[in-house]
Amino acid sequence: MLANHARLMKFFLDSNEVVGRKKLQKMIYILKKCGIPFEEKYEFHFYGPYSEELTLRIEELCNLGFISEVKEDKSNYYQYRYQVTSQGEEFLDHSPVELPAMEERIAVMKEKSSRFLELVSTMLYFDNLSKVEVEEKVRTVKKKQNFTDQELVDAWDFIGCLTEKH
Amino acid sequence: MPYKDEQLSEEKVFKDPVHRYVHVKDQVIWDLVGAPEFQRLRRIKQLGTSYVTFHGAEHSRFNHSLGVYEIVRRILNNFDRKPNWNNEERLLCLCAALLHDLGHGPFSHSFEKVFKLDHEDFTRKIVLGDTHVNQILSRVSKDFPQKVADVINKTYEDKLVVSLISSQIDADRMDYLQRDAYFTGVSYGHFDMERILRVMRPMEDQVVIKETGMHAVEDYIMSRYQMYWQVYFHPVTRSAEVILSKILHRAKYLYDNNYQFSLKPAHFLSFFEGDVQLKDYLKLDEAVVLYYFQMWADEQDEILSDLCARFMNRHLFKYIEFNSNLQMKEWMELYSLFKEAGIDPEYYLVVDSSSDLPYDFYRPGEEEERLPIHLLMPTNEVKELSRQSDIVEAISGKKRTDHKLYFPIDFIEALPDGETKNKIIEILFA
């Protein structure tokens, strides 16, 4: 019952807290690409892979009272902060979910900016292409973001490091 | 003359109830319409299970695909020689419009959920794989199939081209709203498309709307809102969808547990095994699926046969409003009671949620990432629609979610009188 909700709740529990909707979107996508069986469907959007289903499911989790969403005014934009509530913990007790370990990956992703995770998730979106083609594609579809060569190098390193972690 | 420029000696037209006529002059388009992978769309209904609620809703993805093509064709006629528009992209836009739904399978929504498939992957595979469609596109140029796939996948470099087929006011939505309204017979879904097409202007990254067309766009957004709640999320349609999904779950479960089907489910094997090849996918259409359901209605397995009989005979589950926040405990209790009563809750107690966001605009720092609709002001400034329109502002970013709990009322009524039955009824109808 509500298995997809339970998987996301496990993610929030392992994350302690997630700051930023964009970051949240990209983290789930990257974990999915690392083989964690999240079932939210992603499409390519303005800022890389994006899941409408995930947005709706997060809203449901908020409505259910399982996670709290705090809107923070950052002067020229709003930022959202997510945390598991006690009701959410109770739900997870009733709906145990088994997922491969993901704490280490979550920890390293949390340290990165949403811009960087946008780059990483976009590169992973094109993982059927060769390395050269991926970079070419990123520069084509992300023209306006102007990712630097160094950012691309860092992103490749990060992808390599993710595959070694849990 | 290169194939990309070849024109039919005489224009062909398809009579169409929504656009009156769909005009085809390009040889490439004509050849694509004739390709078996495109003809297959005739056998896939546009609205899946909606026909159980709206008996007119029997139109196919073939109709809709031609409609989207026709709208893009008309938009591009208006764009010709306008600034920011490169007419070299014309054929690419038309092909992407025509083929954008090519990978849809029968009852896509349920199939994708149950078998973890993605119709967009199959669209890509049909466009790029060993298919008639690919052969036709490859005759235009070697990289043309990839370009078509990129536009459909929204990863094409020219965002203006992408936005024609995929944005908040695109040809896809404009066709399906009108077509679905026509075939369901509802009075929503109508808006002045001709007016919108006349006021569309190409900009660097997207299509914008001349400010004078704002009210026509308001009408379009309201009709989208109404169509979602009146047609697409209709609770009876969702009941049929719930049963359909459960049939697929049950059939897969039985296959995984070595159940001996009276009729070998040959067309489903690769779906059950999680290794769906393109050739298998293309062979499965609604006629095939319904044939199996008809046959499975006579299977020995009681759950599979019951669910199939329900689906085929429109003997659907009843539903109640379900506030998942407040009623979580009741739901858990019901789950146990159903088990106690011998009604498997995995198949017969289902929460279904629907939600839609009628229009949203991008706000810095937020991540909805929907490309907003922009108005072109008389001063040549570009302004986001909801800043100008009170009506749109009122519904911007407003999500509405609806949860329903589905169950077979006939099973509950047939339970022997006693505490279990009383408790179930009390929770459901208190």
Side-chain angles (χ1 to χ4, degrees), chain A residues 1-2 4-5 20-26 37 39 41-66 71-80 87 90-91 94-95 114 118 122 125-126 128-129 136-144, chain B residues 109 112-114 116-121 124-125 128 146 150-159 162-163 166-167 204-206 323-329 331-332 334-335 345-346 349-351 353-357 360 362-372 397 399-403:
Chain A
M1 138 204 173
L2 300 179
N4 288 321
H5 296 72
R21 287 182 178 173
K22 184 159 151 185
K23 198 162 181 175
L24 170 60
Q25 282 277 342
K26 306 312 174 204
E39 292 191 356
K41 189 180 161 192
Y42 275 80
E43 282 185 20
F44 200 82
H45 272 239
F46 247 41
Y47 296 90
Y50 171 79
S51 171
E52 182 86 27
E53 273 181 6
L54 177 62
T55 297
L56 296 172
R57 205 152 278 155
I58 299 295
E59 197 196 55
E60 277 176 27
L61 291 174
C62 292
N63 290 341
L64 288 162
F66 294 170
K71 187 177 177 181
E72 298 169 348
D73 194 342
K74 309 294 273 184
S75 73
N76 59 340
Y77 67 94
Y78 289 109
Q79 183 172 272
Y80 295 84
Q87 249 179 293
E90 201 184 317
F91 165 74
H94 289 297
S95 316
S114 60
E118 177 188 341
T122 303
Y125 189 84
F126 296 112
N128 57 326
L129 303 177
E136 201 180 309
K137 199 74 192 169
V138 168
R139 293 199 190 287
T140 309
V141 296
K142 297 274 171 194
K143 230 184 290 179
K144 286 194 171 164
Chain B
H109 187 66
E112 288 185 17
K113 286 277 172 216
V114 176
K116 313 214 178 343
L117 305 170
D118 181 353
H119 72 266
E120 279 157 3
D121 274 348
R124 210 160 28 243
K125 284 178 182 158
L128 300 175
Q146 185 62 56
D150 284 347
V151 175
I152 296 173
N153 200 27
K154 305 184 216 58
T155 55
Y156 188 62
E157 57 187 311
D158 187 337
K159 300 292 180 206
V162 175
S163 74
S166 184
S167 64
E204 189 194 347
D205 260 2
Q206 63 164 315
N323 183 334
S324 45
N325 185 13
L326 302 174
Q327 294 168 287
M328 208 57 185
K329 283 197 179 119
W331 193 91
M332 285 175 180
L334 268 179
Y335 194 89
E346 285 298 321
L349 187 66
V350 186
V351 178
S353 308
S354 292
S355 47
D356 177 49
L357 188 62
D360 202 3
Y362 167 68
R363 286 154 287 184
E366 293 200 345
E367 287 77 36
E368 270 74 21
E369 303 173 4
R370 285 159 178 256
L371 187 63
K399 279 179 187 149
R400 185 177 144 183
T401 308
D402 172 67
H403 306 278

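The chains referred to below are lettered A, B, ... by the order of the sequence lines, with proteins before strands, and numbering in each begins at 1. Computation of the quantities below employed the complete heavy-atom set of this structure, encompassing side-chain atoms and omitting hydrogens, waters and symmetry-equivalent molecules.
- When heavy atoms are compared at a cutoff of 4.5 Å, B/E120 approaches chain A solely by way of its side chain, counted from C-beta outward.
- With sequence neighbours excluded, no residue forms a side-chain hydrogen bond (donor to acceptor under 3.5 Å, both in side chains) with A/Y42.
- Of the two parts of B/K116, only the side chain, counted from C-beta on, holds a non-hydrogen atom closer than 4.5 Å to a non-hydrogen atom of chain A.
- Taking each heavy atom of B/E204 and B/D158 in turn, the nearest pair found is O-OD1, 4.3 Å.
- Between A/V141 and B/E157 there is no side-chain heavy-atom pair separated by less than 4.5 Å.
- Taking B/K159 as the reference, nothing meets the side-chain hydrogen bond (donor to acceptor under 3.5 Å, both in side chains) condition, with sequence neighbours excluded.
- Only the side chain of A/E53 comes within contact range of chain B, with heavy atoms under 4.5 Å apart.
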